[in-house]
Amino acid sequence: MTLPYGSWPSPFSAADVSSSAPRIDGARFVGEEIWWGESVPSQGGRVTVRSSSGAEVLPEPWNARSRVHEYGGGAWTADADGTLYFVNAGDQRVYRMPHGGVPEPLTAPGPQHGGLSLQQGRLFAVREDLRGEQHWRGIAEIPTDGSAADDDSPAWVSTYGSGFYAHPSLSPDGTRLAYVQWTEHRMPWEQAVVSVVHLGSGSDTTIPARAALQPEWLTDDELLYADDATGRWNLHLARLGADTPPPAPTPPATTETYALADADTGGGLWVLGNRWYGVLEDGRIVAVRTNGADEIVLIDPDSGEVRPIDIPVTGEASIDDVSGSRVLISGAGAGVDRGLWRVDLESGETTAIRGGDPVDSRWFPVARPVTFEGAHGPVHAFDYRPTNPDAAAPADERPPYIVMVHGGPTAHVSGAASAAYAYWTSRGIGVLDVNYGGSTGYGRAYRERLDGQWGVVDVNDVIAAARGLADAGLADPARIAIKGGSAGGWTVLCALVRGGAFGAGVSRYGVADLRMLASDTHDFEKFYLNGLVGPLPEAEDVYIERSPLSHAERIDVPVLLLQGADDKVVPPSQSEAIRDALAARGIPHEYLLFEGEGHGFRRAETIVTALEAELRFLGETFGFSPA
């Protein structure tokens, strides 16, 4: 049938999107089973733990979610006997749940924990205490016998302070602990080092690095880690030598690049627990390599051979666990939905454990990698064209498009299949997903394009992408909308202030006032704006000039504002300030505030309401009637 773009009948409802491919939150080999964390939108976004046996390991109302660094991560782990260790969302205490038993607290109320890591029967975590005027963080070892359940000050096993910590890793002989550390004045992708502490003597050493990630011991004296000293996150090997007790100085480590590649084994350390590689029992390494899209490779350090692993994951890849020759890999793909796979490298067998189903190519467009020329260099994006086997548009009509702007802004999109995008493309609305300057996945130089230029480079890049799409005849230039959340919402509002490229905007919990953000935001990002914009008070004029709220009178197209009431990263006051400015000038707008939601929507009812509101809003703005 021939129908205008935007009005094609679609089999995808907003409810379908909310219950689509599972969001995997870590996975482990547990005896003969595989366990994984999974978000359940129908239960308010509760994170449960499930088993390949079909059982739900963590029952309601328990919720495995950490709030460390606000974004959390690494909220559960398990041992081979089936004992689960998890951070409960409600009180941020760590609990131990024996197989078939009930959860028992291991830590006292007060401090928060995340990045749980069970190694050689010892439980380590990133610990955060925000109760006093001075906030403290470090790596703590948590007794698994419950002896610290009433003690809110267990012994730190790292230095501790106001900086940040991640990725604790215990040496095979149990004497040394490595971890990633960075100061509160830098973000981990700007500057982070590997620290190694001797658990007996207390002596420590620092392995200099540019932006270190995920230390893993190969032997008692050899440590593997990722770093982007070459301009891409590659693997590096540090040889530490014997530890010397104080007062003798510990010999400095020697380092060498390991399996150099023009791709990234690493990414922005927004959440704890991310894993970009794993070391097999025979010393070979399974690793993610990202250059636009993700690839999973097997590295043989003896021969230097690197070969791809046949698995359909092309984005959001994580090497969750290794056991013998088996690997657990989660992620999404261009032709499959998000899921979890077991790969046996000895037999060559790949098995989908959860999700990972092939998508219907009649309805799911394959993302087309595209590059546009921008004012600051090439702009990378993925184009999802309108796709519907039962409908076509009039020959003289060009489709409306939504330019998607990811958050972060140090994040990355990879062109994976998405029910959320098929919701639009099946209706005849194209989607252009932009990795603007500042995004990961293309090297440090591309990422640093945004330094001091947030609100300039990102805006120029999304405008260049939108105009490039229209100039190529692929989109109706009068019907291009822009949508983004958090930092992406900031770029949406900045682009609307600039004007001329977009006919509508959808901002989800977007930043509107930089000074307000600097004063309201949490510790993890407290100094992030120093690198993105400049330090205060010296750069206050720049903060004022770049903030969309300073120029809200320039916004002359309809805007939809979506906001979580409990958002601590970008409080509701930001969206409400833009709402009030639009209302004062009579600009068409809508503001939806969702109770119980924070920074990012997790509840099924919120996801449905927001998506349906966006479709209705764009239909009213661009003159099409959704089926």
Side-chain angles (χ1 to χ4, degrees), residues 68-71 73 115 126 128 135-139 158-169 177-197 204-216 223-238 240 252-258 264-274 276 290 408-412 437-454 457 487 518 521-536 538-539:
V68 170
H69 302 174
E70 192 63 36
Y71 296 104
V126 178
E128 182 176 67
H135 295 171
W136 300 102
R137 297 176 188 84
I139 307 294
S158 73
T159 57
Y160 64 93
S162 55
F164 296 90
Y165 303 78
H167 295 307
S169 179
L177 189 79
Y179 52 90
V180 172
Q181 181 177 5
W182 65 99
T183 73
E184 68 271 31
H185 297 283
R186 305 298 297 270
M187 301 305 288
W189 47 86
E190 294 174 342
Q191 179 67 61
V193 300
V194 176
S195 293
V196 181
V197 61
D204 58 60
T205 187
T206 298
I207 301 172
R210 202 171 182 188
L213 293 167
Q214 194 188 334
E216 300 278 350
L223 188 66
L224 201 60
Y225 62 98
D227 186 28
D228 76 341
T230 63
R232 305 298 299 249
W233 269 299
N234 285 163
L235 295 179
H236 294 253
L237 178 66
L240 284 83
T254 60
T255 62
E256 63 183 66
T257 307
Y258 207 71
D264 290 313
T265 298
L269 189 56
W270 284 101
V271 298
L272 299 170
N274 280 355
W276 291 275
T290 306
T410 311
H412 177 73
S439 302
T440 54
Y442 300 95
R444 179 177 274 262
Y446 194 80
R447 194 167 77 244
E448 290 183 340
R449 184 188 290 182
L450 201 61
D451 287 0
Q453 297 296 308
W454 193 36
V457 166
T521 198
H522 57 128
D523 285 4
F524 181 70
E525 296 181 74
K526 186 176 181 179
F527 295 98
Y528 192 16
L529 293 180
N530 284 11
L532 291 174
V533 183
L536 286 172
E538 297 87 342

Exercise for review: Locate the shortest heavy-atom distance separating Thr255 from Ile207; write the atom from each residue and the value.
Suggested key: CG2-CG2, 3.9 Å
Check your understanding: Trp276 side chain to Asp264 main-chain N or O, any donor-acceptor pair under 3.5 Å?
Key -> no
Practice item. Output all residues satisfying salt bridge (Lys or Arg N to Asp or Glu O under 4.0 Å) with Arg186, sequence neighbours left out; order by chain, then residue number. Key: Glu190
Check your understanding: Can you tell me if Tyr528 and Thr410 form a side-chain donor-acceptor pair at under 3.5 Å?
Key -> yes
Exercise for review: Give the minimum heavy-atom separation between His167 and Asn274, together with the two atoms involved.
Suggested key: CE1-O, 3.1 Å
Exercise for review: Using a 4.5 Å cut-off on heavy atoms from C-beta on, say whether the side chain of Val180 contacts that of Pro188.
Suggested key: no
Check your understanding: Between the side chain of Asp227 and the main-chain N/O of Ala211, is any donor-acceptor distance below 3.5 Å?
Key -> yes
**Study point:** Tyr71 and His522, any side-chain heavy atoms less than 4.5 Å apart
**Key:** yes
Check your understanding: How far apart are the closest heavy atoms of Ala166 and Val126, and which atoms are they?
Key -> CA-CG2, 4.0 Å
**Study point:** The single option from Tyr165, Tyr179, Trp136 passing ring pair (Phe, Tyr, Trp, His ring centres under 6.0 Å) against Tyr160
**Key:** Trp136
Exercise for review: Mind running side-chain contact (heavy atoms from CB on, under 4.5 Å) on Trp182 and Leu269 for me, showing each step along the way?
Suggested key: CA-CA 11 Å; Trp182 65 99; Leu269 189 56; 3.7 Å; yes
Check your understanding: Does Gln191 reach the main-chain N or O of Ala209 with its side chain, forming a donor-acceptor pair under 3.5 Å?
Key -> yes
Practice item. Please step through ring pair (Phe, Tyr, Trp, His ring centres under 6.0 Å) for the pair Trp189 and Trp270, ending with a clear verdict. Key: CA-CA 9 Å; Trp189 47 86; Trp270 284 101; 4.8 Å; yes
Point to revise | Minimal non-hydrogen separation, Gly438 against Leu450, with atom names | key: CA-CB, 3.8 Å
Check your understanding: If you round to the nearest 0.5 Å, how far is CG of Asp451 from CD of Gln453?
Key -> 9.0 Å
Check your understanding: Under the 3.5 angstrom rule, does the side chain of Arg232 hit a backbone N or O of Thr290 as a donor-acceptor pair?
Key -> yes
Practice item. Might you point out which heavy atoms bring Val194 and Ala212 nearest each other, and give the distance in Å? Key: CG2-CB, 3.6 Å
Check your understanding: Between atom OH of Tyr225 and atom OG1 of Thr265, what is the distance when rounded to the nearest 0.5 Å?
Key -> 14.0 Å
Review point. Is any side-chain heavy atom of Phe524 closer than 4.5 Å to a side-chain heavy atom of Met187?
Key: yes
Point to revise | Rounded distance (nearest 0.5 Å) linking atom OH of Tyr442 with atom CZ of Arg449 | key: 10.5 Å
Check your understanding: Of all heavy-atom pairs between Ala487 and Trp454, which one has the smallest distance, and what is that distance?
Key -> CB-CZ2, 3.7 Å
Exercise for review: Determine whether Glu525 and Glu70 make a side-chain contact, defined as any pair of heavy atoms from C-beta on separated by less than 4.5 Å.
Suggested key: no
Exercise for review: For the pair Thr440 (side chain) and Gly268 (backbone), establish whether a donor and an acceptor sit closer than 3.5 Å, ignoring hydrogens and angles.
Suggested key: no
Practice item. Taking Thr206 for its side chain and Pro208 for its backbone only, find out whether a donor-acceptor pair lies under 3.5 Å. Key: no
Point to revise | For Ser162, the option from Glu184, His185, Arg137 that meets side-chain hydrogen bond (donor to acceptor under 3.5 Å, both in side chains) | key: Glu184
Check your understanding: Do we see a donor-acceptor contact under 3.5 Å between the side chains of His135 and Asp523?
Key -> yes
Exercise for review: Kindly compute the distance separating NE2 (His236) from CG (Leu223), expressed to the nearest 0.5 Å.
Suggested key: 12.5 Å
